[in-house]
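Note sheet for the following structure.
Side-chain atoms are counted along with the backbone in the values below, which use heavy atoms only and exclude waters and symmetry mates. Here, residue 1 is the first one in the sequence, and each next residue gets the next number.
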Amino acid sequence: QVQLVESGGGLVQAGGSLRLSCAASGRAFSGNAMGWFRQAPGKEREFVAAITWGGYSTYYADSVKGRFTISRVNAKNTVYLQMNSLKPEDTAVYYCAASARVAVSATEYDYWGQGTQVTVSS
């Protein structure tokens, strides 16, 4: 059974921090690049960050560069998204996803989690 489970979302004030986690079953994680996407109400799902299998390369959307950090611990089958200096416009449901190769397009990702809500108040 392929499964990705996000956690760590919640309500935070602007300027605050949250760390999202995504725990994956072996098939969804092993050898795969991992990405984080988000979707705000009334908007399309957008790329946030991605990391290669070995963790040596990371990619970020311009809107989060310098504020968010993606990382992974392969021994724990877990990928993280550290979010600092949060802004109200970061409010969205955040999804983790797995892909055979690192990509910024959601269509490249084969496995998806159920999402976790992040709300940033002003």
Side-chain angles (χ1 to χ4, degrees):
Q1 185 77 11
V2 173
Q3 195 171 22
L4 298 173
V5 180
E6 303 97 334
S7 61
L11 174 64
V12 64
Q13 289 188 333
S17 298
L18 283 174
R19 188 176 82 154
L20 305 183
S21 299
C22 174
S25 63
R27 183 179 175 185
F29 195 83
S30 179
N32 282 332
M34 299 295 293
W36 286 97
F37 290 78
R38 67 186 182 186
Q39 188 167 19
K43 295 187 177 181
E44 293 187 353
R45 190 169 297 189
E46 65 174 358
F47 170 76
V48 175
I51 188 168
T52 54
W53 159 244
Y56 297 112
S57 296
T58 56
Y59 305 84
Y60 297 94
D62 288 343
S63 59
V64 306
K65 203 170 293 183
R67 300 188 298 121
F68 291 11
T69 303
I70 188 171
S71 62
R72 65 192 295 165
V73 179
N74 288 346
K76 295 185 177 181
N77 282 4
T78 302
V79 62
Y80 304 96
L81 186 68
Q82 178 66 44
M83 305 186 295
N84 298 329
S85 302
L86 283 161
K87 305 175 181 180
E89 50 263 44
D90 294 318
T91 294
V93 177
Y94 283 71
Y95 300 88
C96 72
S99 174
R101 59 178 183 176
V102 69
V104 300
S105 172
T107 59
E108 296 288 337
Y109 287 79
D110 303 305
Y111 306 111
W112 291 83
Q114 83 289 346
T116 185
Q117 176 70 47
V118 172
T119 303
V120 184
S121 63
S122 57

TODO: Give a yes or no answer on whether the side chain of Thr116 reaches the backbone of Ser7 with a donor-acceptor pair at less than 3.5 Å.
DONE: no
Task: Minimum heavy-atom distance Ala24-Leu4, with the two atoms named - done: CB-CD2, 3.2 Å
TODO: Would you confirm whether Glu6, through its side chain, and Gly115, through its main-chain N or O, come within 3.5 Å as a donor-acceptor pair?
DONE: yes
Task: Nearest-0.5 Å distance, CD of residue Gln117 to OG1 of residue Thr91 - done: 7.0 Å
- [ ] Is it possible for you to say whether Val12 and Tyr94 belong to one hydrophobic cluster, with membership spreading through side-chain heavy-atom contacts below 4.5 Å?
- [x] yes
Task: Side-chain donor/acceptor of Arg72 to backbone N/O of Gly55, under 3.5 Å - done: no
TODO: Working to the nearest 0.5 Å, report the span between CG of Asn32 and CZ of Arg101.
DONE: 12.5 Å
Task: Pairwise distance CD1(Ile70) to CD(Gln82) - rounded to 0.5 angstrom - done: 12.5 Å
Open item on the list: Restricting to non-hydrogen atoms, name the atom on Ala92 and the atom on Ala40 that form the minimum distance, rounded to 0.1 Å.
Closed with: CB-N, 3.8 Å
Open item on the list: On a heavy-atom basis, which atom in Ile51 and which in Ser71 lie closest, and how many Å separate them?
Closed with: CD1-CA, 3.7 Å
Open item on the list: I need the minimum non-hydrogen distance between Ala103 and Ala50, along with the two atoms involved.
Closed with: O-CB, 3.9 Å
- [ ] Look at the side chain of Asn74 and the backbone N and O of Trp53, then say whether any donor-acceptor pair between them is shorter than 3.5 Å.
- [x] yes
TODO: Over all heavy atoms of both residues, which pair between Ser85 and Ser17 is shortest? Give the atoms and the distance, please.
DONE: N-OG, 4.3 Å
TODO: For residues Tyr59 and Phe47, establish whether the separation of their ring centroids is below 6.0 Å.
DONE: no
Open item on the list: As an exercise, state the distance from CZ of Arg19 to OG1 of Thr69, rounded to the nearest 0.5 Å.
Closed with: 11.5 Å
Task: Ser105 OG to Arg45 CZ distance, which is reported to the nearest 0.5 Å - done: 11.5 Å
- [ ] Please confirm whether the backbone N or O of Thr52 pairs with a side-chain atom of Ser57, one donor and one acceptor, at under 3.5 Å?
- [x] no
Open item on the list: If I take atom CZ from residue Phe68 and atom CG from residue Leu20, how far apart are they, to the nearest 0.5 angstrom?
Closed with: 8.0 Å
- [ ] State whether the number of non-hydrogen atoms from other residues, nucleotides or ligands found under 6.0 Å of Lys43 atom NZ is greater than 12.
- [x] no
- [ ] Check the hydrophobic clustering (I, L, V, M, F, W, Y; side-chain heavy atoms under 4.5 Å; chains of links allowed) and say if Val79 and Tyr111 are grouped together.
- [x] yes
Open item on the list: With a 4.5 Å cut-off on side-chain heavy atoms, are Leu86 and Gln13 touching?
Closed with: no
Task: Side-chain ion pair, Lys87 and Asp90, N-O less than 4.0 Å - done: no
Open item on the list: Does the plane of the ring in Tyr95 sit parallel, tilted or perpendicular to the ring in Trp112? Use 30° and 60° as the thresholds.
Closed with: perpendicular
Task: Side chain proximity check, Val64 to Arg38, heavy atoms < 4.5 angstrom - done: yes
Open item on the list: Do Val73 and Tyr80 have side chains that approach each other closer than 4.5 Å (heavy atoms only, starting at C-beta)?
Closed with: yes
Open item on the list: By the disulfide (SG to SG under 2.5 Å) test, which pairs, at least two apart or in different chains, include something from residues 36-90?
Closed with: none
Open item on the list: So does Cys96 get a backbone contact from the side chain of Tyr109, meaning a donor-acceptor N/O pair under 3.5 Å?
Closed with: no
Task: Linked, directly or transitively: Phe37 and Leu81 (ILVMFWY side chains, under 4.5 Å) - done: no
- [ ] Please report the shortest heavy-atom distance between Met34 and Cys22, naming the atom on each side.
- [x] CE-SG, 4.3 Å
